[in-house]
2 protein chains.
Amino acid sequence: MPSPHLHLAAFVTAGPGRPGGWRYPDSVPGWLSAKYYQNIARTLEDARFDLAFFADILSVPDRFGGSLDSQLRNGALGSMRLDPLHVLSSMGAVTSHLGLAATVSTTYAQPFTVARSFASLDHLTDGRAAWNVVTSFQEAEARNFNRDEQFPRELRYERADEFLEVTGKLWDSWEDGALVLDTETPLFADPDLVHPIDHKGEFFTVRGPLNVPRPPQGYPVVIQAGASAKGKDFAARWSDVIFCSHASLESAQDFYREIKERAAAHGRDPESVKILPSIAPVVGATSEIARQKYEKLFDLVPPLGGLSTLAYHLDVDLSTFPLDGRLPDVEVPGVEGHYHEVREMTEREGLTLRELGKRYGGRVEGGFIGTPTEIADGLERWFTSEACDGFMLQAPYQPGGFEDFARQVVPELQKRGLFRTEYAGKTLRENLGLARVQPGEWRHRVRRDSAVRA
Amino acid sequence: MPSPHLHLAAFVTAGPGRPGGWRYPDSVPGWLSAKYYQNIARTLEDARFDLAFFADILSVPDRFGGSLDSQLRNGALGSMRLDPLHVLSSMGAVTSHLGLAATVSTTYAQPFTVARSFASLDHLTDGRAAWNVVTSFQEAEARNFNRDEQFPRELRYERADEFLEVTGKLWDSWEDGALVLDTETPLFADPDLVHPIDHKGEFFTVRGPLNVPRPPQGYPVVIQAGASAKGKDFAARWSDVIFCSHASLESAQDFYREIKERAAAHGRDPESVKILPSIAPVVGATSEIARQKYEKLFDLVPPLGGLSTLAYHLDVDLSTFPLDGRLPDVEVPGVEGHYHEVREMTEREGLTLRELGKRYGGRVEGGFIGTPTEIADGLERWFTSEACDGFMLQAPYQPGGFEDFARQVVPELQKRGLFRTEYAGKTLRENLGLARVQPGEWRHRVRRDSAVRA
Ligand SMILES: Cc1cc2nc3c(=O)[nH]c(=O)nc-3n(C[C@H](O)[C@H](O)[C@H](O)COP(=O)(O)O)c2cc1C
Ligand SMILES: Cc1cc2nc3c(=O)[nH]c(=O)nc-3n(C[C@H](O)[C@H](O)[C@H](O)COP(=O)(O)O)c2cc1C
């Protein structure tokens with residue numbers, strides 16, 4: 001067992017989540033309200049979750065038929081999304097230990113802005129900030145940022161590498177202890193401990209220093225979910241936490257082994273990379289009740305809502321294929337992992353595209369449907385068989401999906417000694433069992449073939 | 001009298017404010033802590049302030065001698081600054097009426113990002129968001145964003161114009177009522193009420209729509225503080241609130257008249273533009289106590305801290321001139337208004353550069369030093385003689401400067417019927433006496449010589 005106990009992250013959506021989830025009777029459509037997120041934050045912190053996580057997207061997807069129609073009608077994932085950074089700050093205001101993770105794209109932002117944003121969040125929350133690094137994979141996003149098409153994946157990852165190099169330098173630009181606050185001398189900050197970074201690279205020229213002192217965690221926790229070979233390599237080098245999605249225990253185990261090996265190959269302690277596959281459990285007092293709940297949820301998934309979400313995940317216009325035929329072989333510019341998942345589903349269950357939409361929208365990663373004990377059994381099996389270091393919990397509907405899990409499954413995990421009953425530390429890194437990051441650590445993470453420009 | 005009562009904004013700094021203020025014994029150096037800002041927010045809301053305002057800067061200024069030394073040692077304005085957007089969200093979490101204003105530069109950000117950020121903040125705070133639009137004026141900022149030098153002012157304002165045009169279109173891209181949330185049909189959002197914007201301009205190409213529904217206020221409140229002719233024109237067209245700085249009542253009156261006329265010339269109701277000059281009052285139980293307090297504050301201003309701040313405001317390296325000579329005539333790429341202020345100071349008081357540093361760092365705009373009654377007298381005079389619609393309150397030191405004013409001066413203003421005792425409305429616009437913005441209103445604000453590209 002790689003860690004003393006498993007880690008739990010909650011995948012909260014700042015807008016509708018699973019297609020159909022928002023239609024569930026217990027779902028509360030409070031995505032525009034701070035109180036909504038603050039209540040979820042309290043639920044998660046009471047249950048001792050490591051962190052709340054927000055995915056993100058910089059467009060309303062229109063991959064399906066080049067239209068917003070199916071997306072908006074069905075409230076498919078991504079129809080609307082508040083800026084996760086504001087949501088995190090409001091959640092931070094009512095909690096004291098819960099980690100706070102937001103997705104920010106390296107393709108459409110600048111390193112000074114992003115380094116400053118996460119450093120500020122890390123200070124204001126006493127060391128609870130995490131950054132999910134994405135390179136974005138939607139053409140619709142490019143078109144909101146002055147481009148007709150996306151940069152190719154290769155280039156996006158090169159830019160991401162340099163982006164993290166620059167943010168690393170900026171977070172280090174104030175040495176620990178630079179802020180002196182000696183009112184007598186006066187010495188507000190010691191100029192000998194604050195350094196311009198003078199970065200000149202392929203993508204960025206940034207003089208620095210940052211105008212924020214070194215973050216409490218050294219760096220915020222870095223999360224990544226790359227699925228391609230490039231993506232996995234990037235994640236193995238930079239990530240503290242890796243978020244992934246697996247339909248089966250076996251594929252989770254393969255991925256786990258591969259990433260830990262890649263991390264070791266980069267000279268990192270494999271235990272310093274936490275791998276959290278996503279789960280979307282449906283909990284009931286009896287297996288039968290859980291099954292009925294799942295069926296009700298499944299009924300509510302509009303097939304076109306699911307397909308529209310899938311079209312956006314694959315970045316492939318699925319409207320061009322007959323709804324009653326099979327998903328053909330396609331080139332996937334988007335998330336390859338999701339493509340493998342749905343190909344497997346299609347084959348195994350002999351699905352038409354319409355059925356696949358429903359299945360994809362209503363999928364339950366890992367298949368965890370049952371009583372708290374049954375679900376805990378499943379999670380324990382994954383955790384003890386080197387498939388993961390914990391889980392990223394998606395809620396089939398919000399906020400009830402989090403409440404059910406927090407109140408019913410977490411106590412069962414705690415009873416088995418699989419999950420904490422108290423936070424061990426104050427910062428997110430401490431709770432994840434990760435050391436505070438030392439200045440310059442980013443240097444080891446820059447890809448080997450790149451000239452480190454420090 | 002242009003408004004039934006005056007408006008009060010608080011200029012809070014997310015880092016050290018006036019050079020020397022942080023050295024004052026009652027000053028609390030809590031800039032890295034959310035609780036610090038939340039306490040200030042509560043103080044301001046209890047006193048019924050319209051809004052808390054955060055200036056911003058995207059560098060540690062080094063204009064003075066090309067070095068961070070004088071800046072950091074003395075804790076001059078801008079030595080460190082948290083990202084104001086995070087600070088606002090944490091303040092929003094503990095208040096329900098206080099307006100929340102952050103500065104974001106149109107020169108180093110993208111309209112999709114900014115429109116989304118303020119729309120999100122506006123939703124999460126039920127209509128309390130405000131954006132201080134700046135074009136940035138520091139070379140040091142350009143150098144943190146891939147450039148060796150700044151874009152010329154003309155170009156910055158052209159970009160700003162188009163930037164606001166795009167954010168206007170994005171805020172309108174979801175019509176009011178587009179979010180339907182009908183779980184039966186299903187109809188999450190009505191695709192007929194959500195529109196791509198297809199903006200193609202000189203600086204930006206943005207397809208839209210935004211992925212956030214129309215903000216509660218229509219648009220967030222727009223604040224601006226342009227001081228050049230270009231800047232004033234921009235402000236008269238776009239601003240709901242204008243922030244300015246005047247050494248005398250007369251110059252405030254001239255500015256007030258000019259801006260209201262410019263606004264009228266652009267077809268706007270002059271009363272829909274609120275002008276708030278900055279004040280930094282020093283309050284004491286007696287005039288003598290106030291004067292002593294001021295002297296103590298003044299003593300604590302390091303001359304080089306003041307000069308370093310001035311060098312940054314003017315964007316002129318003042319270290320090249322003898323400290324014991326006069327400030328010579330210089331070209332000012334930075335804030336011209338501040339230059340006029342210090343030239344006047346220099347002439348009137350016969351100051352050396354060193355003395356000017358101290359005077360500039362320790363200046364009290366409007367000269368409000370005295371008892372609550374005396375200060376209220378002064379403010380009343382400015383307000384009733386068409387010099388302003390209210391004030392932007394700077395604190396000589398934080399948080400005490402806000403507490404003194406809130407507890408001592410505000411009750412005096414309320415007694416005179418010059419200030420509210422209860423919030424009239426829920427949103428910031430309502431409290432400022434401004435109508436909710438109707439779709440398309442931005443069209444009237446785009447500069448005349450620009451082709452509106454809608
Ligand atoms: C589980 C999971 C979650 C993801 N979340 C996001 C997200 O929130 N925003 C985003 O732009 N991309 C997200 N991605 C996409 C990845 O960051 C990455 O761009 C995508 O997997 C394509 O990776 P590749 O370029 O390595 O193939 C996610 C991917 C996976 C597998
Ligand atoms: C009172 C006042 C406050 C200002 N606050 C900021 C600020 O927070 N950040 C910033 O970049 N510029 C700030 N500015 C600068 C203005 O936005 C503007 O760039 C500057 O006055 C130069 O204007 P001009 O280009 O019209 O001369 C401020 C200016 C004034 C007069």
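Quick note: numbers below take in every heavy atom, side chains included, and nothing from hydrogens, waters or symmetry partners. Below, read A as the first sequence line, B as the second, and so on, with proteins coming before strands; counting in each chain starts at 1.
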Heavy-atom pair with the smallest gap, counting every atom of Leu68(B) and Pro196(A): CD1-CD, 4.3 Å
Side chain to side chain contact (heavy atoms under 4.5 Å, CB included) between Thr113(B) and Phe145(A), intermediate numbers included: CA-CA 9 Å; Thr113(B) 312; Phe145(A) 291 88; 3.3 Å; yes
Euclidean distance, Leu210(B) CG relative to Asn144(A) CG, rounded to 0.5 Å: 8.5 Å
Any donor-acceptor N/O pair, Arg116(B) side chain to Leu82(A) backbone, under 3.5 Å: yes
Pick from Gln71(A), Met80(A), Arg143(A) with the largest number of heavy-atom pairs that fall under 4.5 Å of chain B: Arg143(A)
Any donor-acceptor N/O pair, Arg23(B) side chain to Glu184(A) backbone, under 3.5 Å: yes
Side-chain donor or acceptor of Asn211(B) paired with backbone N/O of Ile57(A) under 3.5 Å: yes
Chi angles and distances behind the side chain to side chain contact (heavy atoms under 4.5 Å, CB included) call for Asp182(A), Arg73(B): CA-CA 9 Å; Asp182(A) 170 359; Arg73(B) 270 183 208 289; over 6 Å; no
Sequence-distant partners of Arg147(B), side chain to side chain donor-acceptor pair (under 3.5 Å), two or more places apart: none
Interchain contact, Tyr24(A) with chain B, by part (heavy-atom threshold 4.5 Å): neither
Side-chain touch Asp190(A)/Leu72(B), heavy atoms, less than 4.5 angstrom: no
Side chain / backbone / both / neither for Pro213(A) at chain B, heavy atoms under 4.5 Å: side chain
Partner chain A: residue of Pro216(B), Gly92(B), Pro302(B), Gly208(B) with the largest heavy-atom pair count (under 4.5 Å): Gly208(B)
Max heavy-atom pair count under 4.5 Å with chain B, selected residue of Ser90(A), Ala140(A), Ser59(A), Ala93(A): Ser59(A)
Worked verdict on Phe112(A) versus Glu141(B) for side chain to side chain contact (heavy atoms under 4.5 Å, CB included): CA-CA 10 Å; Phe112(A) 192 91; Glu141(B) 297 175 291; over 6 Å; no
Check: Asn74(A) side chain, Phe188(B) main-chain N or O, donor-acceptor pair, under 3.5 Å: no
Proximal component of Ser79(A), with respect to chain B [non-hydrogen, under 4.5 Å]: both
Derivation and outcome, side-chain hydrogen bond (donor to acceptor under 3.5 Å, both in side chains), residues Asn146(B) and Gln110(A): CA-CA 9 Å; Asn146(B) 310 320; Gln110(A) 288 294 323; 3.0 Å; yes
Pair His86(B)-Ser89(A), side-chain donor/acceptor within less than 3.5 Å: yes
Contact winner vs chain B - Gly305(A), Ala14(A), Ser70(A), Pro16(A), heavy-atom pairs under 4.5 Å: Pro16(A)
Portion of Val166(A) that has a non-hydrogen atom of chain B nearer than 4.5 angstrom: neither
Per-residue contacts, residues 28-36 of chain A versus chain B, heavy atoms under 4.5 Å: Pro29(A), Trp31(A), Leu32(A), Ser33(A), Ala34(A)
Rounded distance [0.5 Å steps], NE2 in His123(A) versus CG in Asp83(B): 12.0 Å
Worked verdict on Arg207(B) versus Asp148(A) for side chain to side chain contact (heavy atoms under 4.5 Å, CB included): CA-CA 10 Å; Arg207(B) 191 167 53 147; Asp148(A) 283 337; over 6 Å; no
Chain A contacts, top residue of Leu187(B), Asp192(B), Val212(B), Leu179(B) (heavy-atom pairs, under 4.5 Å): Leu187(B)
